[in-house]
Amino acid sequence: MFDFHEILGKTIGVIYTFEGEDALGFEHYHVWQSDIISKWLLAIQELKCRPLILDVRTFVDKAISNTLPNIDYVLNLNCGSCELSPMALIPSICAFFHIPCIPCDSTAILAGENKLMSNLLAQATGIQIPKSLNKKIKGGIFRPLNLGSSIGVKRNFSNQIMGLYQEFIYGYDITTPIVYNPIIQKMDIMPTVLYIAENNNVEWYLGEENKALRSGFTRKTIYDLSEEVYEKYLELVQNLSINTFCRIDARIKCDSPSDLKLLLEKPLQLKDIYFIEINPMPTVWINNAFSHSFLEIQPTDNFFTYIKELQKIVSQIDLHVFLLSIAMLALSTTK
């Protein structure tokens, strides 16, 4: 079914943005906190692999000067930059040196992280996107082109940075992690997470402050996506050549909280959702949507079968061990 020998004992380069880096193009919205990096390091240890921790500049310098030690996989934590070109730097170098890069390649970053491009790709795939608005029209929602973590997302138009200004969809935010499934050997969908405002207001959206503080909302898990949504999501991921893990954010259209209850009585339909963005480099943390989705995996899911197999070689399985192992297995088939 799968060969764990492909992932045990490997050297994994952990490449991160150095705090305080002031080189042109290296501005970033999120400095990697020690608790985030440490979870990846513990996952590497659990999988009996060796970490090689390098900041972006050192990795690039060593690669160019041919002094980079042997690396079997790169875990790319260089994300969140204002400019897309630095974000694609690490997977570009990895491609040149034939090093598998987790979680994605340059194409996925440049097309997926740019909201204009990803919206067009989603629309071409057959997923609804909110209609574009003239900046003079009030009541829309503005999203910066390249920033993540809801930075700069606000109601009404913003002249400060480039972005999308679209119709605001009344309803609820949802996010769907999509990951490689070693059991079926292709990308598959994990449980979708629904965000509900504390006041259950259909005008609420997951903005910068709520996301940073992780407050003002509760999470609910949706187990049933319609076959059409399932197929369209996987088609979009395939079109971006993402083969490890990512996340798709969308909006369920509802005029009132009672409408949501009716919608969730059956599998979520494609006509009821609007695409927000795809994140090919999602932040993986112990208290975000990815983590919530992972904890909701049911014994009937074939992901659960994989987890039981993984338990035979590791002492403790958490989200990071799960994602790192499946990413390595996915990339081992394409090396």
Side-chain angles (χ1 to χ4, degrees), residues 14-17 28-33 35-37 39-40 43 73-81 84 87-88 90-91 101-115 117-119 121-122 143-144 146-151 153 173-181 187-195 206-208 210-212 214 219 221 233-234 236-238 240-251 275-297 303 318-328 330-331:
V14 181
I15 315 301
Y16 67 98
T17 306
H28 57 289
Y29 69 84
H30 185 79
V31 173
W32 289 104
Q33 303 168 12
D35 58 345
I36 295 177
I37 294 181
K39 290 293 182 181
W40 285 116
Y73 297 89
V74 157
L75 177 61
N76 180 21
L77 298 183
N78 176 42
C79 71
S81 174
L84 287 179
M87 289 182 67
I90 300 304
C101 186
I102 301 170
C104 63
D105 62 15
S106 301
T107 300
I109 292 175
L110 294 174
E113 292 287 348
N114 182 289
K115 291 184 180 63
M117 183 67 72
S118 63
N119 267 251
L121 288 168
R143 301 182 189 278
N146 302 330
L147 296 180
S149 282
S150 298
I151 301 296
V153 176
D173 283 353
I174 59 172
T175 186
T176 305
I178 303 176
V179 305
Y180 177 73
N181 187 333
M187 297 295 282
D188 201 359
I189 289 179
M190 290 174 62
T192 293
V193 178
L194 167 72
Y195 295 92
L206 186 58
E208 178 179 345
N210 292 130
K211 182 168 283 190
R214 289 176 169 79
R219 296 187 181 100
T221 305
Y233 272 16
L234 293 182
L236 177 59
V237 169
Q238 182 179 16
L240 283 166
S241 299
I242 299 173
N243 56 11
T244 59
F245 57 87
C246 66
R247 194 188 73 229
I248 292 179
D249 297 339
R251 185 90 173 162
F275 178 82
I276 295 177
E277 65 178 348
I278 184 168
N279 191 335
M281 295 186 65
T283 299
V284 179
W285 198 56
I286 58 174
N287 190 30
N288 64 6
F290 238 111
S291 177
H292 185 85
S293 178
F294 175 72
L295 294 174
E296 292 296 325
I297 292 176
F303 285 121
D318 60 11
L319 173 62
H320 292 76
V321 172
F322 173 73
L323 289 180
L324 183 59
S325 66
I326 63 175
M328 294 168 68
L331 293 175

Does the side chain of [Y] come within less than 4.5 Å of [X]'s, by heavy atoms?
{"X": "Leu331", "Y": "Asn243", "result": "yes"}
{"X": "Pro280", "Y": "Leu240", "result": "no"}
{"X": "Ile248", "Y": "Val237", "result": "yes"}
{"X": "Thr175", "Y": "Tyr195", "result": "yes"}
{"X": "Leu121", "Y": "Leu236", "result": "yes"}
{"X": "Glu277", "Y": "Glu113", "result": "no"}
{"X": "Pro191", "Y": "Thr221", "result": "yes"}
{"X": "Cys246", "Y": "Asn279", "result": "no"}

**Item:** Pairing residues for Ser118 by the side-chain hydrogen bond (donor to acceptor under 3.5 Å, both in side chains) criterion, not counting sequence neighbours
**Value:**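 Partners of Ser118 under the side-chain hydrogen bond (donor to acceptor under 3.5 Å, both in side chains) test: none.
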**Message:** List the residues meeting side-chain contact (heavy atoms from CB on, under 4.5 Å) with Ala43, not counting sequence neighbours, and say none if there are none.
**Reply:**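 Counting only residues at least two positions away or on another chain, Ala43 forms a side-chain contact (heavy atoms from CB on, under 4.5 Å) with His320, Val321, Leu324.
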Taking all non-hydrogen atoms of both residues into account, name the closest pair between [X] and [Y] and its distance.
{"X": "Tyr233", "Y": "Ala250", "result": "OH-CB, 3.6 Å"}
{"X": "Val193", "Y": "Ala289", "result": "CG2-O, 3.7 Å"}
{"X": "Ser106", "Y": "Ala88", "result": "OG-O, 3.2 Å"}
{"X": "Met190", "Y": "Ile297", "result": "CE-CD1, 4.1 Å"}
{"X": "Ile178", "Y": "Met187", "result": "O-CE, 3.7 Å"}
{"X": "Phe303", "Y": "Phe322", "result": "CD2-CZ, 3.8 Å"}

**Message:** Any side-chain to backbone donor/acceptor pair from Thr244 onto Pro103? Under 3.5 Å, distance only.
**Reply:** yes
**Message:** Is it the case that the side chain of Asn119 and the backbone of Lys115 share a donor-acceptor pair, with hydrogens and angles ignored and the cut-off at 3.5 Å?
**Reply:** yes
Calculate, to the nearest 0.5 Å, the distance between atoms [atom1] and [atom2] belonging to [X] and [Y] respectively.
{"X": "Thr192", "Y": "Glu296", "atom1": "OG1", "atom2": "CD", "result": "11.5 Å"}
{"X": "Asn288", "Y": "Leu319", "atom1": "CG", "atom2": "CG", "result": "7.5 Å"}
{"X": "Leu194", "Y": "Thr176", "atom1": "CG", "atom2": "OG1", "result": "10.5 Å"}
{"X": "Leu75", "Y": "Ile90", "atom1": "CG", "atom2": "CD1", "result": "11.0 Å"}
{"X": "Ile242", "Y": "Leu234", "atom1": "CD1", "atom2": "CG", "result": "11.0 Å"}
{"X": "Ile278", "Y": "Asp249", "atom1": "CD1", "atom2": "CG", "result": "9.5 Å"}

**Derivation of the side chain to side chain contact (heavy atoms under 4.5 Å, CB included) call for Ile102 and Phe245** = CA-CA 9 Å; Ile102 301 170; Phe245 57 87; 3.8 Å; yes
**Message:** Leu323 vs Phe294, test: side chain to side chain contact (heavy atoms under 4.5 Å, CB included). Steps then yes/no.
**Reply:** CA-CA 10 Å; Leu323 289 180; Phe294 175 72; over 6 Å; no
